[in-house]
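Down below is the structure, laid out as structure tokens.
The figures here come from the full heavy-atom set of this structure, side chains too, leaving out hydrogens, waters and symmetry mates. Sequence positions, counted from 1, serve as the residue numbers for this chain. Here the structure is a predicted model, which means the values were calculated and not measured.
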Amino acid sequence: MQRWLLKLASRLLREVQPHSREEIEIYAEAFGIDRTILRDVPWSTSMLGHEHLAPAPGNTKELFILTGGHSFRDYRPLLEAAGELGLTLKIGISRGAQTASFSDMVKPYPNVQVHGDWSNAQYFQQMAACTVYALPISQG
């Protein structure tokens with residue numbers, strides 16, 4: 001469905017912004033996007049202009065990994081690594097995406113916190129406060 005929509009909209013595209021140079025080739029090959037309209041915009045600069053980029057008061061000393069989202073995510077390796085190391089991992093994922101299999105996958109790890117009720121502003125505050133932001137993308 002995504003590829004079909006992209007194909008329909010391709011003549012309207014003026015610029016596509018993957019988050020790294022390495023993704024330019026991937027976008028060109030996987031989605032058939034013309035390389036001349038692919039421009040990498042590093043993640044950190046795409047956050048500019050958000051007014052909520054300060055950690056929430058009282059949330060500046062906690063060490064934790066933050067992740068989130070639902071599309072094309074492979075949480076298992078990140079859960080296993082955080083669980084093995086005992087690191088606090090916070091996952092921002094909508095309640096609708098918290099399936100029974102997702103809950104079962106998270107259950108063995110007491111150091112993992114799942115948050116389904118954060119607003120965008122709260123998520124950005126967590127992003128500003130985290131020690132590491134990880135985005136576990138599915139291979140391929």
- More than 12 heavy atoms from other groups under 6.0 Å of CD on Glu84: no

Discussion item. Any non-hydrogen side-chain atom of Gln126 less than 4.5 Å from a side-chain atom of Phe64?
Written reply: yes

| Any side-chain heavy atom of Ile26 sitting closer than 4.5 Å to one from Pro18? | no

Applied to residues 21-30, the side chain to side chain donor-acceptor pair (under 3.5 Å) test, sequence neighbours excluded, yields Ser20-Glu22, Ser20-Glu23, Glu25-Arg35

Rounded to the nearest 0.5 Å, the NZ atom of Lys90 sits from the CD atom of Gln113 at a distance of 5.5 Å

Checklist line | Exam field: side chain Arg76 to backbone Asp74, donor-acceptor pair closer than 3.5 Å | finding: no

Here the pair of heavy atoms bringing Asp117 nearest to Arg95 is CB-NH2, 3.6 Å

Members sharing Leu89's hydrophobic cluster, built from side-chain contacts under 4.5 Å between Ile, Leu, Val, Met, Phe, Trp and Tyr, are Ile65, Tyr75, Leu78, Leu79, Leu85, Leu87, Ile91, Ile93, Phe102, Met105, Val106, Tyr109, Val112, Val114, Val132

Looking only at heavy atoms, the pair that brings Leu66 and Cys130 closest together is CB-CB, 3.8 Å

Requested in this report: Evaluate the criterion side chain to side chain contact (heavy atoms under 4.5 Å, CB included) for residue pair Gln17 and Asp40; output intermediate values, then yes/no.
Outcome: CA-CA 5 Å; Gln17 300 175 345; Asp40 63 305; over 6 Å; no

Assign the ring pair Trp118 / Tyr123 to parallel, tilted or perpendicular, where the plane angle (0 to 90°) is split at 30° and 60°. tilted

Next item on the list: For the residue pair Arg73 and Ile137, establish whether any side-chain heavy-atom pair is separated by less than 4.5 Å.
Entry: yes

One should read off an interatomic distance between Asn111 CG and Thr88 OG1, to the nearest 0.5 angstrom, of 6.5 Å

Review point. Taking a hydrophobic cluster as the set of Ile, Leu, Val, Met, Phe, Trp and Tyr residues connected by side-chain heavy atoms closer than 4.5 Å, whether directly or through intermediates, do Phe72 and Leu135 fall within one such cluster?
Key: no

